[in-house]
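Read through the structure below, which is laid out as structure tokens, and then see the notes.
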Amino acid sequence: MAGAGKSTFVQRINSYLHSQDPPSPPYVLNLDPAVSNTPFEPNIDIRDTVDYHKVMKEYNLGPNGGILTALNLFTTKFDQVLDIVEKRADTVDYIILDTPGQIEIFTWSASGAIITDAVASSLPTVVAYVIDTPRTTAPATFMSNMLYACSILYKTKLPFILVFNKTDVRPHDFAVEWMHDFEAFQAALASHQGTTDDEGEPTYMNSLMNSMSLVLDEFYKHLTTVGVSSMTGAGVKEFFEAVDASRAEYEREYLPELQRAREAREKKLGAMKEESLSRFMKDLAVDRERHPAAAEADRWDPQDGNEDEDDDDLDVNIVDRSEDAWPGQYIDVTRMRPRNDEGMAWPRPG
Ligand SMILES: Nc1nc2c(ncn2[C@@H]2O[C@H](COP(=O)(O)OP(=O)(O)OP(=O)(O)O)[C@@H](O)[C@H]2O)c(=O)[nH]1
Ligand SMILES: [Mg+2]
């Protein structure tokens, strides 16, 4: 959720990895186009590729539409990001992606899904869902936060770690208790105001939450929980232990599933291609039979080479800040193709 401490957490795990012996500097990506300052130094920053303010102005959008559109534009270049990242796979152990504040922009948009799938299909991936612990102490808030986490888990199907952040302000033991002890959570619900109506009957909200917590019980079995303080660094070691365990889970569960899906897709695509090719060949044969003169004229001429195949090579947009000479300027992907008439003075009519 916005303000849960995602960026501070990224900064904390970044500095933890730097302080290892030997240091293991991660590769950090900022995906928040609207952030003014990041507490870490990203290797790739969406802000180098798209100018969020320009996008808002050009497409006449508000802040959320602006973030979404900026993310969409960036996604069109994400294959380049993966190329850069994959080139570093030998020297870099961890790649960290910080997501934009408005959670739904990333989790419920096509570009969020494309980025997640692209990363997850090339590298072992884990989702860290950062929770603002001090702001999650009310049972109803806790539950809606968990439902959100649940929806992301089922959408991505990736290994998942619940990171209870800000434990320096409020330890997360209450949350662990609620997750493990269904009755403790029900008791917390019941002791909260507004759970019964004037006649002492449970309110709609209360009975809804009771049945929801049964659903969540199943969900809790599929995830790991850690409490951290991005402020003090407490719990970060445990977080990395959970990440290592998640890597094993990725390899055991996600990867075979991914390969199965890929094979099924390729098989289906192959069958479709074959069918349409054989239909095409049949049509062609019939056509040539009917019009022998036209068929004779319609032959490939070896003199007629095609030389300019690579004319829309746009391989310039993603900035890898770790490279020595990075341009350090915005490349406006909203206008990728230069206009032919740019720089021409048009005579005014009259
Ligand atoms: N006390 C305490 N404060 C924290 C901790 N982690 C983050 N904060 C504070 O919480 C606020 C929000 O932190 P950010 O890291 O910007 O949160 P975010 O989730 O990246 O925010 P958005 O990207 O805007 O959604 C800042 O004021 C941080 O200093 C923590 O562990 N303890
Ligand atoms: Mg942030």
Side-chain angles (χ1 to χ4, degrees), residues 1-19 26-53 55-56 62-71 74 94-109 111-112 115-116 119 126-138 141-142 144-146 148-149 151-152 156 160-176 225-240 242-243 321:
M1 298 284 175
K6 299 177 291 297
S7 304
T8 317
F9 181 63
V10 168
Q11 188 271 328
R12 173 57 69 184
I13 54 179
N14 183 23
S15 70
Y16 174 86
L17 290 170
H18 274 274
S19 70
Y27 204 73
V28 187
L29 270 71
N30 170 44
L31 296 180
D32 190 346
V35 70
S36 46
N37 290 306
T38 50
F40 49 85
E41 196 62 51
N43 297 82
I44 293 179
D45 194 327
I46 185 172
R47 294 175 300 168
D48 291 331
T49 306
V50 262
D51 182 338
Y52 162 70
H53 292 287
V55 167
M56 288 214 296
N64 283 350
I67 296 177
L68 184 60
T69 307
L71 197 63
F74 183 73
Y94 295 97
I95 291 151
I96 308 170
L97 289 90
D98 187 18
T99 57
Q102 278 76 357
I103 186 174
E104 62 281 3
I105 291 181
F106 192 77
T107 53
W108 292 104
S109 66
S111 44
I115 291 177
T116 313
V119 173
V126 53
V127 178
Y129 183 83
V130 181
I131 298 161
D132 191 330
T133 314
R135 288 216 219 134
T136 315
T137 53
T141 319
F142 179 78
S144 40
N145 213 332
M146 290 301 116
Y148 221 115
S151 71
I152 297 170
T156 62
F160 205 88
I161 304 175
L162 284 186
V163 179
F164 283 94
N165 190 30
K166 310 194 187 180
T167 50
D168 55 299
V169 180
R170 177 76 202 245
H172 72 304
D173 45 0
F174 72 92
V176 173
T225 307
V226 288
V228 303
S229 165
S230 303
M231 215 57 125
T232 67
V236 172
K237 191 166 169 284
E238 288 74 14
F239 171 74
F240 276 100
V243 170
R321 293 182 169 200

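Both ligands and their constituent atoms are indexed starting at 1 by order of listing. Here the structure is a predicted model, which is why all the values come from computation and not from measurement.
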Q. Should you measure from each heavy atom of T8, which atoms of ligand 1 turn up under 4.0 Å away?
A. 6 (N), 7 (C), 13 (O), 14 (P), 15 (O), 28 (C)
Q: Measure centre to centre between the rings of F239 and F9, then say whether the value is under 6.0 Å.
A: yes
Q.
Suppose I only count heavy atoms of A2 and a 4.0 Å limit; which atoms of ligand 1 are within that range?
A. 25 (O)
Q) Can you check whether G66's main-chain N or O pairs, donor with acceptor, with T69's side chain at less than 3.5 Å? A) no
Q. What about Y129 and Y148, are their ring centers closer than 6.0 Å?
A. no
Q. With a cut-off of 4.0 Å, which atoms of ligand 1 are near a heavy atom of D168?
A. 1 (N), 2 (C), 30 (C), 31 (O), 32 (N)
Q: Using heavy-atom distances, let me know which of V228, V163, N165 sits nearest atom 6 (N) of ligand 1.
A: N165
Q.
Looking only at distances, can you tell me whether any N or O atom of T167, backbone or side chain, sits closer than 3.5 Å to an N or O atom of ligand 1?
A. no
Q | Contact flag T8/the Mg ion (ligand 2), N/O/S atoms, threshold under 2.8 Å | A | no
Q) Do T38 and R47 have side-chain heavy atoms sitting under 4.5 Å apart? A) yes
Q: Could you say whether the N/O atoms of A4 and ligand 1 ever approach to under 3.5 Å?
A: yes
Q: Show your working on side-chain hydrogen bond (donor to acceptor under 3.5 Å, both in side chains) between S7 and D98 and close with a plain yes or no.
A: CA-CA 6 Å; S7 304; D98 187 18; 2.6 Å; yes
Q) Protein heavy atoms: any of them under 4.0 Å from atom 27 (O) of ligand 1? A) no
Q | Ligand-residue contact atoms, ligand 1 with V169, heavy atoms, under 4.0 Å | A | 1 (N)
Q: Using a strict 4.0 Å cut-off to heavy atoms of S230, name the atoms of ligand 1 that fall inside it.
A: 6 (N), 30 (C), 31 (O)
Q.
For atom 8 (N) of ligand 1, what is the closest protein heavy atom, and at what distance to 0.1 Å?
A. K166 CE, 3.7 Å
Q. How long is the gap from OG1 on T99 to CD1 on I105, to the nearest 0.5 Å?
A. 10.5 Å
Q. For ligand 1, which atoms have a heavy atom of S7 less than 4.0 angstrom away?
A. 15 (O), 18 (P), 20 (O)
Q: Return the orientation label for the F240 and Y94 ring planes: parallel under 30°, perpendicular over 60°, tilted otherwise.
A: perpendicular
Q: Mark up the atoms of ligand 1 that fall under 4.0 Å of a heavy atom belonging to S229, in ascending order.
A: 31 (O)
**Q.** Pairwise side-chain contact, T133 with F174, heavy-atom cut-off 4.5 Å (strictly under)
**A.** yes
Q | Euclidean distance, I67 CD1 relative to S109 OG, rounded to 0.5 Å | A | 11.0 Å
Q. What is the closest protein heavy atom to atom 23 (O) of ligand 1, and at what distance does it sit?
A. G101 CA, 3.7 Å
(Q) Looking only at protein heavy atoms, which one is nearest to atom 21 (O) of ligand 1, and what is the separation? (A) G3 N, 3.2 Å
(Q) Need the ligand 1 atom indices (1-based, order shown) with element for anything under 4.0 Å from a heavy-atom of M231. (A) 1 (N), 2 (C), 3 (N), 4 (C), 29 (O), 30 (C), 31 (O), 32 (N)
Q) Out of D132, T232, T136, which residue meets the side chain to side chain donor-acceptor pair (under 3.5 Å) rule with K166? A) D132
Q.
Would V50 and I46 count as a side-chain contact (heavy atoms from CB on, under 4.5 Å) here? Give the steps.
A. CA-CA 6 Å; V50 262; I46 185 172; 3.5 Å; yes
Q: Just need the protein heavy atom nearest to atom 18 (P) of ligand 1, so name the residue and atom and give the distance.
A: K6 N, 3.4 Å
Q.
Protein non-hydrogen atoms only, distance under 4.0 Å: does atom 4 (C) of ligand 1 have such a neighbour?
A. yes
